[in-house]
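Heads up: the structure comes next, in structure tokens.
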Amino acid sequence: MASNGKKPNLPTGRQGKKSKILKVKIKTSWKNFLLYGFLFLFMLFLFMGINQDAIQRTKSVPISQVIQDVKQGKVSEIIVLDNKLTVKEGEQELDSFKEPGANVYQIFKDAGV
């Protein structure tokens, strides 16, 4: 039908308007990749450092505090792994460290527990 030389009719509202295409030029060079990589790593380490306290749920206490809590009957369970003692007081967990080579049973016996 366009063989008569006339342009086809466009729907109303679009006649005479050209659609605009926005082109964005992004320079891709190794310097930009390196810069954005360092920024990403910096933000990742910053985020991890801020949230470190939220991730760590246990509080570290001296072994003398653990002995006092055992004497008072607050401790429900003690888990010994090498030099680390994980003490459970109800819902709270505490970490304590003993001297390397020291026996936990001897430490509590010497303390009178």
Side-chain angles (χ1 to χ4, degrees):
M1 301 260 192
S3 61
N4 60 5
K6 294 183 180 180
K7 292 183 182 178
N9 291 335
L10 295 175
T12 58
R14 291 198 55 161
Q15 294 175 350
K17 290 186 178 179
K18 294 183 180 179
S19 59
K20 295 180 182 180
I21 298 174
L22 180 64
K23 293 183 181 181
V24 178
K25 292 184 181 181
I26 300 174
K27 293 182 180 181
T28 54
S29 69
W30 65 273
K31 291 179 184 178
N32 287 342
F33 285 122
L34 190 64
L35 176 69
Y36 290 125
F38 279 126
L39 285 174
F40 176 75
L41 288 176
F42 176 74
M43 294 300 289
L44 181 69
F45 287 127
L46 184 67
F47 180 73
M48 288 174 52
I50 290 171
N51 289 328
Q52 185 66 29
D53 291 334
I55 294 171
Q56 187 178 12
R57 295 182 180 155
T58 59
K59 187 173 94 172
S60 184
V61 295
I63 192 77
S64 60
Q65 178 68 38
V66 173
I67 292 170
Q68 288 177 357
D69 290 346
V70 169
K71 285 182 180 180
Q72 294 172 0
K74 295 180 181 178
V75 176
S76 60
E77 183 179 4
I78 298 176
I79 300 170
V80 180
L81 183 62
D82 287 333
N83 297 329
K84 181 179 177 183
L85 302 172
T86 302
V87 181
K88 292 186 180 181
E89 294 181 359
E91 296 294 322
Q92 184 180 13
E93 286 189 6
L94 304 173
D95 284 341
S96 183
F97 297 93
K98 65 179 184 69
E99 293 179 11
N103 188 351
V104 175
Y105 298 111
Q106 190 65 37
I107 292 172
F108 285 112
K109 183 179 177 183
D110 291 344
V113 178

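Here, residue 1 is the first one in the sequence, and each next residue gets the next number. Just so it is clear, the values below take in all heavy atoms, side chains as well, and ignore hydrogens, waters and symmetry mates.
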Is there side-chain contact between Val70 and Val87, with heavy atoms separated by less than 4.5 Å? no
Quick one: do Ile78 and Phe97 end up in the same hydrophobic cluster if we chain Ile, Leu, Val, Met, Phe, Trp and Tyr together by side-chain heavy atoms under 4.5 Å apart? no
Separation between NZ of Lys88 and CG of Asp69, rounded to the nearest 0.5 Å: 16.0 Å
Has Lys71 got a side-chain atom pairing as donor or acceptor with Gly112's backbone, closer than 3.5 angstrom? no
Between CZ on residue Phe45 and CZ on residue Phe40, distance to nearest 0.5 Å: 10.0 Å
Could you tell me which non-hydrogen atom of Thr86 sits nearest to which non-hydrogen atom of Glu93, and how far apart they are? CG2-OE1, 4.0 Å
One should read off an interatomic distance between Leu41 CG and Met43 CE, to the nearest 0.5 angstrom, of 11.5 Å
Do Val80 and Ile63 belong to the same hydrophobic cluster, where Ile, Leu, Val, Met, Phe, Trp and Tyr are linked whenever their side-chain heavy atoms lie under 4.5 Å apart, directly or via other members? yes
May I ask you to decide if Leu85's main-chain N or O and Ser96's side chain share a donor-acceptor pair within less than 3.5 Å? no
What's in the same ILVMFWY side-chain cluster as Trp30, cut-off under 4.5 Å, chained through other members? Leu34, Phe38
Kindly compute the distance separating CD (Glu89) from NZ (Lys59), expressed to the nearest 0.5 Å. 9.0 Å
Sequence neighbours excluded, the answer for side chain to side chain contact (heavy atoms under 4.5 Å, CB included) partners of Tyr36 is Asn32, Leu39
Give a yes or no on this: more than 12 heavy atoms of other residues, nucleotides or ligands lie within 6.0 Å of atom CD of Glu99. no
Just verifying a value: how many Å separate Gln65 CD and Ser60 OG, rounded to the nearest 0.5 Å? 11.0 Å
